[in-house]
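Every chain is numbered from 1 and lettered A, B, ... according to where its sequence line falls, protein lines coming before strand lines.
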2 protein chains.
Amino acid sequence: MVVTGLREANKRARRDALVDAAQALVAEHGLDAVTVEMISAKAGVSARTFFNYFETKDDAVLGLVDTGIAPAAAREFAAGGPSGRLLTDLQVLVGVLLESFAGQHERAVQAFRIMESEPRLLQRHMVWVDRHKAELRELFEARRAVRPFSADNELLLMLVLLLLRTATTSWERSGHQGNLDSHLSDAVAQLIHVVASDLEPGA
Amino acid sequence: MVVTGLREANKRARRDALVDAAQALVAEHGLDAVTVEMISAKAGVSARTFFNYFETKDDAVLGLVDTGIAPAAAREFAAGGPSGRLLTDLQVLVGVLLESFAGQHERAVQAFRIMESEPRLLQRHMVWVDRHKAELRELFEARRAVRPFSADNELLLMLVLLLLRTATTSWERSGHQGNLDSHLSDAVAQLIHVVASDLEPGA
DNA sequence: TCGAAAATTGCAGTGAGTGCAAGATTGTCA
DNA sequence: TGACAATCTTGCACTCACTGCAATTTTCGA
């Protein structure tokens with residue numbers, strides 16, 4: 001953790017090289033025309049090594065870092081905060097996630113761009129949610145104990161997915177204008193509007 | 001269309017045999033321990049023929065029939081009906097979808113059961129939404145022209161997905177109690193509640 | 001500088017999925 | 001009814017993602 005060491009540095013460098021190679025090749029030839037062999041060759045490692053770094057080809061193309069949920073944000077959410085309103089706090093949580101996704105800005109932009117033209121990869125967010133399902137469920141349960149609510153965990157999971165996807169596609173569509181957070185706010189506003197306008201008497 | 005013919009009958013029979021074989025084997029051995037060869041053998045056809053019926057192993061396990069959206073329901077939605085309220089009409093649309101999914105009740109129940117223990121298949125609904133994305137978008141656009149609303153198509157797509165998944169998992173969790181429709185209503189109610197309680201001043 | 005730990009790599013193998021062409025089945029129409 | 005056409009099935013050969021294993025190389029710590 002403290003002393004980086006050559007090992008760590010090399011690992012990160014290789015990883016980045018693989019992501020860059022994967023993204024460049026896919027951007028040029030399309031997802032199905034690119035093989036793991038090509039990516040590995042371009043990054044200067046063997047195909048077998050590729051799989052020491054990524055579970056699947058798709059993971060590499062998307063540059064999956066798979067940071068979990070930031071502990072601080074998780075704790076606050078579980079404790080019933082920061083605002084005490086479920087949807088609002090869900091938005092905050094997703095905001096933190098998006099930040100960690102977009103951490104490596106260049107690569108994230110590339111990933112989103114590729115996602116647009118390769119519908120198969122659109123499931124990325126679902127895969128993410130899937131992988132952290134257990135973690136999220138625990139979070140929901142913890143919060144439920146402190147500040148009860150009636151919604152099922154499953155619905156909240158899907159809400160997280162909805163916010164993730166709506167915000168990122170909106171950001172992507174805007175040509176990466178503004179910060180991701182404003183697109184997230186917009187997604188929440190849209191959701192509220194859809195629901196609210198269904199409740200108005202004069203529909 | 002009118003005269004069924006041996007061809008049609010055989011096709012349906014083979015298809016059903018493949019789904020039954022796939023579901024039985026997966027229920028017993030788990031998804032990864034079952035190969036396409038096994039399924040084909042059990043259904044009495046060659047492995048090559050399997051792929052004349054299904055694009056992927058997963059499709060067979062889930063018994064994907066891939067009925068599109070019922071034209072009548074689609075027309076009504078596009079025309080701005082039946083209620084004129086976006087969320088409510090979205091619910092109706094999803095209800096029709098669920099009905100066509102659960103058409104073959106036995107197989108549907110099996111599919112949902114397997115889905116629960118094989119998280120990879122949980123993406124099924126997303127795949128469905130993905131495949132009908134274009135169709136749904138057209139529907140949204142048509143309706144938008146008649147009865148404008150501000151939400152993005154992407155958000156509506158995710159809303160469809162949310163309703164599909166929340167309703168079916170709730171149904172599954174209840175041990176297939178009651179009809180799917182009541183679980184769908186419940187999902188919508190939960191969603192409304194989450195949003196509404198976020199708007200209340202005394203949160 | 002030496003030995004332990006960790007990483008890379010080749011190799012052999014499984015299994016999904018595809019294109020193709022030959023052979024079997026089924027529908028149709030005279 | 002019989003033959004021709006359309007449709008299905010199947011075997012074969014192939015590509016590629018992904019895995020386990022064991023040998024080899026690289027890096028680290030003392």
Exercise. Between D/dC18 atom P and B/Lys57 atom NZ, what is the distance in whole Å?
Worked result: 14 Å

For this session: For the side chain of A/Thr49, starting at C-beta, report the closest nucleotide among C/dT8, C/dA7, C/dT26.
Result: C/dT8

Exercise. Which nucleotide, C/dT26, C/dA7, D/dA17, lies nearest any side-chain atom of B/Asn10?
Worked result: C/dT26

For this session: Take atom CZ of A/Phe51 and atom C1' of C/dT14, then tell me their distance rounded to the nearest Å.
Result: 13 Å

For this session: Please evaluate the base of C/dG17 for a donor-acceptor partner in the side chain of B/Arg48 within a cut-off of under 3.5 Å?
Result: no

For this session: Find the distance A/Leu18:CG to C/dT9:C1' and express it as a whole number of Å.
Result: 14 Å

For this session: Classify the nucleic acid contact of A/Tyr53 as base, sugar-phosphate or nothing, counting any heavy atom under 4.0 Å across all strands shown.
Result: sugar-phosphate

Exercise. For B/Arg15 and D/dC8, what is the distance between atoms CZ and P respectively, to the nearest whole Å?
Worked result: 12 Å

Problem set entry | Exam field: side chain B/Asp89 to backbone B/Phe77, donor-acceptor pair closer than 3.5 Å | no

Exercise. Within less than 4.0 Å of OP1 or OP2 of C/dA7, is there a side-chain N or O belonging to A/Lys11?
Worked result: yes

For this session: Answer yes or no on whether A/Arg15 is positioned over the face of A/Phe54, meaning its NZ or CZ is under 6.0 Å from the six-membered ring centre and within 45° of the axis.
Result: yes

For this session: Report the residue (B/Val45 or A/Glu55) whose heavy-atom-nearest nucleotide on DNA chain D is the more 5′ of the two.
Result: B/Val45

Exercise. Would A/Ser46 and A/Thr49 count as having a side-chain donor-acceptor pair, cut-off 3.5 Å?
Worked result: yes

Exercise. For A/Thr169 and A/Phe112, what are the C-alpha separation, side-chain angles and deciding distance, and is it a side-chain contact (heavy atoms from CB on, under 4.5 Å)?
Worked result: CA-CA 8 Å; A/Thr169 57; A/Phe112 289 144; over 6 Å; no

Problem set entry | B/Glu135 atom CD, over 12 foreign heavy atoms within 6.0 Å | yes

Problem set entry | Atom-pair distance (CE on B/Met38; C1' on C/dT14), nearest Å | 12 Å

For this session: Return the value, rounded to whole Å, for the distance between atom CG of B/Leu31 and atom C1' of C/dA16.
Result: 12 Å

For this session: Starting from C1' on D/dC12, measure out to CD on B/Glu37 and report it in whole angstrom.
Result: 13 Å

Exercise. Whole Å only: how far is the CG atom of B/Asn52 from the C1' atom of D/dG11?
Worked result: 12 Å

